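Here is the structure we will look at.
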Amino acid sequence: MAESKPNELMEKVVSLCKRRGFVYQSSEVYGGINGFWDYGPLGAELKRNVKELWWTSMTRMRDDVVGLEATIIMHPQIWRASGHVDTFTDPMCDCLLTRKRLRSDQIEPQSGTAYHYSGASDAGSGRAVSEPYSVLVQAGKPVESARKIAIQFYQARGLAAVTLEGERAEKVENSQRYNPDNGSLLTEPRPFNLMFKTHVGPVPDEDNVAYLRPETAQAIFAQFKNVLETSRQKVPFGIAQTGKAFRNEVTPRNFTFRSREFEQMELEFFIRPDEVVEVLTGSVATPTAPGHPGEPERNWGWQLWHQYWVEERIRFYEGIGLPRTSLEEYWQKPDELAHYARATVDLLFKFPFGTQELEGIAARSDFDLSQHERSSGKSMGVFDEELRTAWGKLDEATRERIGSSYFEHRRGYLVKAGVPAELAEKKAREDVEGLAKGQYIPHVIEPSAGVDRLILALLTHAYSEVTTTDDKGKSETRVILRFHPRVAPIKVGVFPLLKNKPELVAKAREVHALLRGQMMAFYDDGGAIGRRYARQDEAGTPFCVTIDFDTLGETPELKDTVTLRHRDDGRQERLPMGGLLEFLRERIH
RNA sequence: GCGAGAGUAGCUCAGCCUGGUAGAGCGUCACCUUGCCAAGGUGAAUGUCGAGGGUUCGAAUCCCUUCUCUCGCUCCA
């Protein structure tokens with residue numbers, strides 16, 4: 001990474017992105033639209049490469065993961081079951097004094113005396129403010145403390161010497177309208193729905209409200225049974241999906257990092273609950289050392305699976321040019337975890353504007369499938385013949401122990417989900433009976449990555465500057481994007497050494513024709529050769545091929561060889577044309 | 001959404017204070033030149049000065065509104 005100040009580096013990257021056609025602001029000719037970005041020619045190739053590498057490594061290279069491509073608009077019930085309708089509709093309000101933003105439903109109810117003011121004036125300047133305001137003070141506190149806050153409020157609105165007007169006291173019980181920190185009145189609560197709403201059908205009304213998905217994952221849960229029944233997969237296995245998701249962010253920030261329309265790469269990897277693993281294998285293996293635990297084993301519990309996926313994902317990033325040192329693993333603290341999550345690891349990248357999340361790998365227990373089972377009324381469980389048989393062979397004490405552990409987990413989930421205690425107990429007991437018959441709801445490990453964030457990480461990580469000084473002492477700074485060849489938008493540039501020699505141009509065209517179709521190859525004969533190299537460096541092209549007079553046979557033993565030039569160090573080597581394709585393929589795959 | 005700063009050629013910026021109808025460097029394109037790292041020459045294109053409104057004989061310049069970007073408060077792909 002270049003050694004610039006954070007903002008400087010970010011500005012350079014943003015500027016380069018536009019100049020070279022990686023990223024443009026959406027709808028720019030109309031003044032742009034906040035939180036939306038388009039990918040230009042180079043960006044589109046880069047993004048495509050990243051998604052294909054993810055898809056290939058997740059599905060094609062594995063026996064135990066299959067793909068899904070679901071719609072963006074789904075049955076609205078999905079978002080009620082997932083919790084997005086509730087948690088994404090937060091009423092927010094602002095403190096009128098400090099402008100601090102608060103979740104109005106999370107404000108501790110306050111009681112005391114509210115002092116209302118109709119406005120204030122400044123005798124000195126003759127100015128007046130007629131905006132009403134109030135301050136809540138706890139019972140017993142003097143009125144002066146309210147006045148002090150109110151004076152600050154009116155001072156902030158331009159009065160120097162404040163004379164408060166229309167003071168009036170009122171008893172208040174359990175109000176959420178005041179800031180607990182300073183007693184200041186808050187703005188009216190406004191709902192902040194982070195889901196984009198639309199209507200299915202031509203006439204918008206309440207009955208046909210639908211949402212653009214705020215994550216791709218829920219479709220995987222909703223289609224879990226279909227995939228299970230049609231893919232010939234058995235737990236443990238995963239379902240992968242990439243696609244657009246939409247969140248009406250309060251504050252889109254940091255270039256493409258937080259966008260309102262963005263793309264995700266998500267895997268839901270379904271595993272057996274630990275109780276099932278124990279029944280089948282007699283014990284549950286747990287992590288013994290940090291690092292990659294190796295090939296999956298039958299006796300792995302959720303913790304090992306979780307660790308496995310964390311390490312798999314880090315390997316993926318390493319494979320596309322983000323070394324482990326550029327990443328940071330953050331294990332969420334118990335109080336930060338969502339209530340259904342058992343563990344979540346964030347993979348953070350050191351962006352110029354701060355260390356921020358690229359991907360979250362969550363162990364989500366059986367929460368999601370259970371929610372959809374309760375919400376849809378359709379079973380989300382799987383049946384495992386082997387489990388039923390193994391259960392039959394257990395002794396009574398073991399059945400009792402494993403059964404009660406399973407019972408506690410299921411009851412815990414149901415109670416948290418709002419099921420009345422008595423009913424939850426009854427249902428949890430039924431679940432234990434199901435377990436004995438070979439039925440259970442799979443747990444899930446969810447590695448969920450943001451594509452656009454990853455693109456931004458790759459761009460900022462690849463960005464570097466090289467300053468050279470020529471004979472005349474004139475120094476010049478060139479930009480090199482040091483992309484891993486796997487993600488580089490253009491894999492190879494093909495140039496005739498000179499443009500005004502038709503034989504060179506024809507030969508270069510021939511080489512270009514040989515390579516294109518196999519990989520993104522770019523032909524260029526404009527300007528001097530050094531300039532063309534520089535242009536490709538800036539686009540992040542790892543290799544350039546130059547056709548010269550030796551290629552044509554000027555030095556007989558060099559006939560049909562070309563110069564291959566490496567981006568990162570300018571090194572050149574001579575290669576036979578016939579071996580070119582293989583040489584490049586080895587390095588870009 | 002709120003507070004602070006900014007928006008002029010593809011990019012980086014000057015001009016704004018003190019109104020008189022837009023400039024530099026780089027880049028882009030064409031031609032010439034070219035013997036491996038942004039070489040040189042000649043020529044060309046490009047701005048409704050972010051958008052809208054107002055003041056004025058006249059606005060990039062002064063005033064208002066709006067949009068976008070950057071930074072702080074919330075967020076986690």
Side-chain angles (χ1 to χ4, degrees), chain A residues 6-7 10-12 14-21 24-36 88 90 92-96 98-103 156 187 190 192 194 214-217 242 244-247 249-259 262-266 330 332 336 338 344 346-348 353 356-362 446-454 456 466 468 470-472 474 476-479 495-501 504 525-538 544 546-550 554 563 565 567 570-572:
Chain A
N7 292 348
M10 220 26 226
E11 274 169 33
K12 283 175 177 172
V14 172
S15 162
L16 177 74
C17 278
K18 180 169 186 198
R19 187 157 46 85
R20 291 310 310 255
Y24 313 122
Q25 191 179 19
S26 166
S27 322
E28 198 188 71
V29 289
Y30 287 103
I33 174 165
N34 202 357
F36 298 87
F88 270 47
D90 303 333
M92 307 287 270
C93 52
D94 300 321
C95 173
L96 284 167
T98 60
R99 309 217 171 272
K100 189 181 167 166
R101 168 146 295 167
L102 302 156
R103 282 267 300 270
T187 58
R190 284 164 305 209
F192 273 58
L194 295 187
E215 62 172 40
T216 58
T242 70
K244 286 284 181 78
F246 304 81
R247 290 184 195 178
E249 294 290 345
V250 182
T251 317
R253 259 316 139 76
N254 289 326
F255 197 33
T256 57
F257 182 79
R258 177 166 294 125
S259 303
F262 59 100
E263 193 152 3
Q264 294 182 302
M265 306 186 292
E266 295 197 292
Y330 179 78
Q332 285 192 11
E336 294 169 328
T344 298
D346 292 335
L347 294 183
L348 313 173
F353 46 81
Q356 297 274 357
E357 190 186 351
L358 271 189
E359 168 156 0
I361 299 126
E446 178 192 86
S448 168
V451 184
D452 309 271
R453 291 179 169 192
L454 178 49
L456 188 56
V466 174
T468 50
D470 64 13
D471 307 342
K472 296 165 199 148
K474 199 177 132 192
E476 190 170 59
T477 300
R478 299 188 297 123
V479 172
F495 317 139
L497 182 60
L498 298 175
K499 184 188 179 181
N500 62 347
K501 297 285 186 286
L504 288 178
D525 59 17
I529 189 75
R531 178 187 217 68
R532 287 178 244 157
Y533 285 144
R535 276 199 284 249
Q536 291 306 311
D537 286 346
E538 212 178 40
C544 289
T546 300
I547 282 69
D548 60 16
F549 295 97
D550 285 335
E554 197 173 271
T563 303
R565 180 256 191 191
R567 174 195 62 203
R571 188 161 50 88
Q572 297 194 349

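Only this structure's heavy atoms are used, side chains among them; waters, hydrogens and symmetry mates stay out. By convention in this document, chain letters (A, B, ...) are assigned in the order of the sequence lines, proteins followed by strands, and residues within each chain are numbered from 1. What you are looking at is a predicted structure, and each value in this text was computed from that prediction instead of being measured.
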May I have the distance from [X] (atom [atom1]) to [N] (atom [atom2]), rounded to whole angstrom?
| X | N | atom1 | atom2 | value |
| --- | --- | --- | --- | --- |
| A:Lys501 | B:G35 | NZ | C1' | 9 Å |
| A:Leu347 | B:A77 | CG | P | 13 Å |
| A:Leu497 | B:C36 | CG | P | 7 Å |
| A:Arg453 | B:C76 | CZ | C1' | 6 Å |
| A:Phe36 | B:C69 | CZ | P | 11 Å |
| A:Leu498 | B:U33 | CG | C1' | 10 Å |
| A:Lys499 | B:U33 | NZ | C1' | 11 Å |
| A:Phe255 | B:C69 | CZ | P | 11 Å |

Side chain of A:Asp548, backbone of A:Asp550: donor and acceptor closer than 3.5 Å?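 Flag set: sc A:Asp548 to bb A:Asp550 pair under 3.5 Å.
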Side-chain donor/acceptor of A:Glu266 to backbone N/O of A:Ala217, under 3.5 Å: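 Side chain of A:Glu266 to backbone of A:Ala217: a pair is present.
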Please report the distance separating the [atom1] of [N] from the corresponding atom of [M], rounded so that it comes out in whole Å.
| N | M | atom1 | result |
| --- | --- | --- | --- |
| B:A38 | B:G72 | P | 39 Å |
| B:U28 | B:G15 | P | 27 Å |
| B:C16 | B:G43 | C1' | 34 Å |
| B:C37 | B:U66 | C1' | 49 Å |
| B:G25 | B:C17 | P | 25 Å |
| B:U56 | B:A9 | C1' | 29 Å |
| B:G5 | B:A22 | P | 30 Å |
| B:U74 | B:C67 | C1' | 23 Å |

Looking only at the side chain of [X] (C-beta and beyond, no hydrogens), which of the listed nucleotides [options] gets closest?
| X | options | value |
| --- | --- | --- |
| A:Gln572 | B:A77, B:U68, B:C36 | B:C36 |
| A:Ala534 | B:U33, B:A38, B:A39 | B:A38 |
| A:Gln25 | B:C36, B:C69, B:A77 | B:C69 |
| A:Glu357 | B:A77, B:C37, B:U68 | B:A77 |
| A:Tyr533 | B:C76, B:C31, B:C36 | B:C36 |
| A:Gln264 | B:G35, B:C76, B:A77 | B:A77 |
| A:Arg247 | B:A77, B:U33, B:U68 | B:A77 |

Taking only the side-chain nitrogens and oxygens of [X], find out if one of them lies under 4.0 Å from OP1 or OP2 of [N].
| X | N | answer |
| --- | --- | --- |
| A:Arg535 | B:C37 | no |
| A:Lys12 | B:C11 | no |
| A:Arg531 | B:G27 | yes |
| A:Lys18 | B:C11 | yes |
| A:Asn500 | B:C32 | no |
| A:Asn254 | B:C71 | yes |

In the strands shown, is [N] matched to any nucleotide by a Watson-Crick or G-U wobble pair with both distances under 3.5 Å, and which?
| N | result |
| --- | --- |
| B:U68 | B:A6 |
| B:U61 | none |
| B:U21 | none |
| B:A44 | B:U28 |
| B:G1 | B:C73 |
| B:C16 | none |

Is it the case that the base of [N] and the side chain of [X] share a donor-acceptor contact (distance under 3.5 Å, atom types as modelled)?
| X | N | answer |
| --- | --- | --- |
| A:Arg565 | B:C37 | yes |
| A:Asp548 | B:C36 | yes |
| A:Thr563 | B:C36 | yes |
| A:Glu538 | B:G27 | no |

Report which part of the nucleic acid [X] touches: base, sugar-phosphate, or nothing (heavy-atom distance under 4.0 Å, all strands).
| X | result |
| --- | --- |
| A:Glu554 | base |
| A:Gly360 | sugar-phosphate |
| A:Tyr24 | nothing |
| A:Thr546 | base |
| A:Thr216 | nothing |
| A:Ala449 | sugar-phosphate |
| A:Leu358 | sugar-phosphate |

Report the residue from A:Arg19, A:Arg478, A:Lys12 that forms a salt bridge (charged side-chain N to carboxylate O under 4.0 Å, His left out) with A:Glu538.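 Going through A:Arg19, A:Arg478, A:Lys12 one by one, the salt bridge (charged side-chain N to carboxylate O under 4.0 Å, His left out) with A:Glu538 is satisfied by A:Arg19 alone.
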Reported [atom1]-to-[atom2] distance for the pair [X] and [Y], which is rounded to 0.5 angstrom:
| X | Y | atom1 | atom2 | value |
| --- | --- | --- | --- | --- |
| A:Leu456 | A:Arg258 | CG | CZ | 12.5 Å |
| A:Leu347 | A:Leu358 | CG | CG | 7.0 Å |
| A:Glu11 | A:Phe255 | CD | CZ | 12.0 Å |

Taking the side chain as C-beta and beyond, is there a heavy-atom pair between [X] and [Y] under 4.5 Å?
| X | Y | answer |
| --- | --- | --- |
| A:Arg20 | A:Arg535 | yes |
| A:Tyr330 | A:Glu357 | no |
| A:Ile529 | A:Thr546 | yes |
| A:Gln536 | A:Arg565 | no |

Would you kindly compare A:Glu359 and A:Asp537 by the position of their nearest RNA chain B nucleotide and give the one closer to the 5′ end?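 Whichever sits nearer the 5' end wins; that is A:Asp537.
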Go nucleotide by nucleotide along RNA chain B from the 5' end; which of A:Gly35 and A:Arg258 gets its closest nucleotide reached first?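 The residue mapped nearer the 5' terminus is A:Gly35.
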